[in-house]
J.: 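This is the structure, below, for whatever I ask next.
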Amino acid sequence: MKTIEPGETHGFNVRLKTQAWAEGLIFVITMWLLSRLVIVVAMQLLAPVSDISPVTHSGVLPLDYTPGFIPQSSWNLFAHWDGAWYRKIATLGYDYAQDGKYHSIAFFPLFPLAIRAVMSLGLPSQVAGILVNNLALLGALWLLYRWAKERYSVSVARWAIAVLAWCPFSLYGTVVYSEGLFLLVTTAALRSFDQGQYAKAALWGILATATRSTGVALIPAFLLVAWKEKRPTMAYSAGCVAMGGLLLFSLYCAIDFADPLAFVHVQQAWKWQHPSWLRVLARAFKLDEENLLRLVTFWGGGYLLWYLRAKLPPVALAYGFCSLGIILATGSLSSVSRYVYGIVSIALALGWLFASHPRWGYLILGLFAVMLVRFALLFACWYWVA
């Protein structure tokens, strides 16, 4: 019988790890590519031939919206709503005035800066925004896969990826929105903190608070877990340093517009769009789809985090609840479902749940796929699906 040398055992283990790594990457790319193709087909091929009636917007018209809009295949179909604002920032920079009107300073800077960087290659703003968001989403999926596999198993990792890729609100990981980038930087920050890599957690945290206001949920999450688990001083430092993106944006506002909270003050112009929870509840009882989704995503997401509180990494649990708390405090209910999608902790929780109950998982994913097609069609026609 041949004796297996220690070097041969090591080489065999390396090959196994390499194979597992490759299989995981292939799965992530496949989920990402198939779900993105569904969106592209729906928006570019189906929307132009659909019988969806042109939407009519009351009050102040969305930026770049044309009344009676009929979709035609083009890059512009990916750049409706906030996408138009991000393109404007990337090409013209920020504007602001204390006049109660819409201004681009409401949008945080990292995503338009990334668009601007890609535009330097000679690409139009629409294409640059699409590339940044989609590649960032792919990166977020890969990081989530690795984190879930390290924490749980391949099965949980695959289900978490499937949820994040096929959720109907993953539409916002393809159009010119910051969802993909936000998921990438927050997932990287949480995973780094969970593994005790505090310098990396702080760096990713800075990028998160420079991407979206809800990135500040990382700060109390880091501090709470550092205190509860008696982590070293560096863990507390990571929580404080993560505020850097927000502070730099505030400094920019102070220098350029003499108002360090310009991005907060301008939100008053958007407040009329946000319904109250009472209105959401009343319309949900009438089986209004949009408001039912708001209730299910927010309160269902909160219940899921609580139900699986013993299963989730402490930093993911704290971040999930802090994010929901910020959404609740700000009252940004018109986009609440999209914001909940951006909380990676919920995708991790659903991954664990569906790995334990795969029949329910397949049923929900099938429903997700149908809704994803529908949302893509409506978005292309300038309907609000956030």
Side-chain angles (χ1 to χ4, degrees), residues 35-92 101-104 106-107 115 124-130 133-134 166-180 269-275 279-280 282-284 286-294 297 332-339 341 367-386:
S35 58
R36 299 314 93 187
L37 282 175
V38 165
I39 294 171
V40 171
V41 169
M43 296 183 72
Q44 298 295 326
L45 300 181
L46 300 182
V49 298
S50 69
D51 58 355
I52 299 176
S53 302
V55 66
T56 301
H57 291 289
S58 58
V60 181
L61 296 180
L63 188 64
D64 287 354
Y65 168 73
T66 302
F69 177 81
I70 302 294
Q72 300 295 327
S73 296
S74 71
W75 293 113
N76 287 329
L77 295 184
F78 294 99
H80 292 169
W81 297 102
D82 289 1
W85 286 103
Y86 284 122
R87 289 175 54 214
K88 182 179 179 181
I89 298 167
T91 54
L92 301 176
K101 297 180 181 180
Y102 296 154
H103 293 284
S104 59
F107 299 89
I115 294 175
S125 60
Q126 301 96 318
V127 178
I130 293 165
N133 198 21
N134 280 273
W166 288 98
C167 175
F169 294 102
S170 74
L171 165 70
Y172 292 98
T174 286
V175 297
V176 186
Y177 267 63
S178 62
E179 257 64 23
W270 272 271
K271 274 203 168 182
W272 68 273
Q273 296 181 356
H274 301 308
R279 182 182 174 190
V280 169
R283 294 194 173 186
K286 296 179 181 179
L287 301 183
D288 177 76
E289 178 188 357
E290 184 177 34
N291 288 287
L292 277 171
L293 282 174
R294 286 168 176 161
T297 53
S332 301
L333 301 189
S334 62
S335 299
V336 65
S337 297
R338 176 167 58 89
Y339 291 154
Y341 169 74
L367 178 61
F368 276 2
V370 173
M371 292 178 67
L372 183 59
V373 172
R374 184 167 177 271
F375 278 21
L377 287 171
L378 292 174
F379 185 92
C381 297
W382 270 104
Y383 279 82
W384 182 256
V385 294

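Note: hydrogens, waters and symmetry copies are ignored here, and every other heavy atom, side chains too, is used. Since the structure is predicted, the reported quantities are computational estimates derived from the model, not experimental observations.
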J.: Tell me which pairs pass salt bridge (Lys or Arg N to Asp or Glu O under 4.0 Å) where either residue lies in residues 39-63, with sequence neighbours left out.
T.: none

J.: What I'd like to find out is whether the side chain of Tyr177 reaches to under 4.5 Å of the side chain of Leu171, using heavy atoms alone.
T.: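 In short, these two side chains do not touch, never coming nearer than 4.5 Å.
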
J.: What residues, two or more places apart in sequence or in another chain, satisfy side chain to side chain donor-acceptor pair (under 3.5 Å) together with Ser337?
T.: Thr297

J.: Evaluate the ring planes of Trp85 and Tyr102, with Trp represented by its six-membered ring, and classify them as parallel (under 30°), tilted (30 to 60°) or perpendicular (over 60°).
T.: perpendicular

J.: Mind checking what makes ring pair (Phe, Tyr, Trp, His ring centres under 6.0 Å) contact with Phe169, not counting sequence neighbours?
T.: Phe375

J.: Using the rule given for side chain to side chain contact (heavy atoms under 4.5 Å, CB included), can you reason through His274 versus Val336, listing the C-alpha separation, both sets of side-chain angles and the distance that settles it, and then say yes or no?
T.: CA-CA 9 Å; His274 301 308; Val336 65; over 6 Å; no

J.: Would you say the side-chain atoms of Asn133 pair up with the backbone N or O of Tyr172, donor to acceptor, closer than 3.5 Å?
T.: yes

J.: To the nearest 0.5 angstrom, please state how far the CD atom of Gln44 sits from the OG atom of Ser73.
T.: 5.0 Å

J.: Only counting residues at least two apart or in another chain, list the ones meeting ring pair (Phe, Tyr, Trp, His ring centres under 6.0 Å) with His57.
T.: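 Once residues adjacent in sequence are excluded, the partners of His57 under the ring pair (Phe, Tyr, Trp, His ring centres under 6.0 Å) criterion are Tyr65, Trp81.
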
J.: Could you work out, with ring pair (Phe, Tyr, Trp, His ring centres under 6.0 Å) as the rule, every residue matching Trp166, not counting sequence neighbours?
T.: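 Partners of Trp166 under the ring pair (Phe, Tyr, Trp, His ring centres under 6.0 Å) test: none.
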
J.: Ser178: which residues meet the side chain to side chain donor-acceptor pair (under 3.5 Å) condition with it, sequence neighbours left out?
T.: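 Ser178 satisfies side chain to side chain donor-acceptor pair (under 3.5 Å) with Tyr86, Arg212 once adjacent residues are dropped.
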
J.: When rounded to the nearest 0.5 angstrom, what distance separates OG in Ser125 from CG in Asn76?
T.: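 Ser125 OG to Asn76 CG: 8.0 Å, rounded to 0.5 Å.
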
J.: So which atom in Tyr339 and which in Ser332 form the shortest heavy-atom distance, rounded to 0.1 Å?
T.: CE1-CB, 3.7 Å

J.: With rounding to the nearest 0.5 Å, note down the distance linking CZ in Phe368 to SG in Cys167.
T.: 5.0 Å

J.: Go through the steps to decide whether Val175 and Ile130 satisfy the test side chain to side chain contact (heavy atoms under 4.5 Å, CB included), and finish with yes or no.
T.: CA-CA 6 Å; Val175 297; Ile130 293 165; over 6 Å; no

J.: Between Ile115 and Ala128, what is the shortest heavy-atom contact and its length?
T.: O-CB, 3.7 Å

J.: What pair of heavy atoms forms the shortest contact from Leu333 to Arg294, and how long is it?
T.: O-NE, 3.0 Å

J.: How would you list, by chain and number, every residue that makes a side chain to side chain contact (heavy atoms under 4.5 Å, CB included) with Arg36, sequence neighbours excluded?
T.: Trp32, Ile39, Asn134, Leu137, Ser170, Thr174

J.: Using atom types as modelled, flag every donor-acceptor pair under 3.5 Å from a side chain in residues 376-386 to any protein atom, sequence neighbours excluded.
T.:
from   : atom 1 : to     : atom 2 : distance (Å)
Trp382 : NE1    : His80  : NE2    : 3.2
Tyr383 : OH     : Ser53  : O      : 2.6
Trp384 : NE1    : Ser334 : O      : 3.1

J.: Can you pull the salt bridge (Lys or Arg N to Asp or Glu O under 4.0 Å) pairs that have at least one residue in residues 61-74, sequence neighbours excluded?
T.: Asp64-Arg87

J.: Just jot down the side chain to side chain contact (heavy atoms under 4.5 Å, CB included) partners of Leu367, sequence neighbours excluded, or say none.
T.: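 With sequence neighbours excluded, Leu367 shows a side chain to side chain contact (heavy atoms under 4.5 Å, CB included) to Met371, given in chain and number order.
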
J.: State which residues pass salt bridge (Lys or Arg N to Asp or Glu O under 4.0 Å) with Arg374; sequence neighbours excluded, sorted by chain then number.
T.: Glu289

J.: Mind checking side chain to side chain contact (heavy atoms under 4.5 Å, CB included) for Pro124 and listing every partner two or more places apart, or none if nothing turns up?
T.: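 Partners of Pro124 under the side chain to side chain contact (heavy atoms under 4.5 Å, CB included) test: Gln126, Val127.
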
J.: For Pro275 versus Val280, what's the shortest heavy-atom pair and its separation?
T.: CG-CG2, 3.9 Å

J.: Any salt bridge linking Arg338 with Asp82? Criterion: basic side-chain nitrogen under 4.0 Å from a carboxylate oxygen.
T.: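 A salt bridge is present here (some side-chain N lies under 4.0 Å from a carboxylate O).
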
J.: Could you report the tightest heavy-atom contact between Ser50 and Ala47, atom names first, then the distance?
T.: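 Answer, listing the atom of Ser50 first, then Ala47: OG-O, 2.9 Å.
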
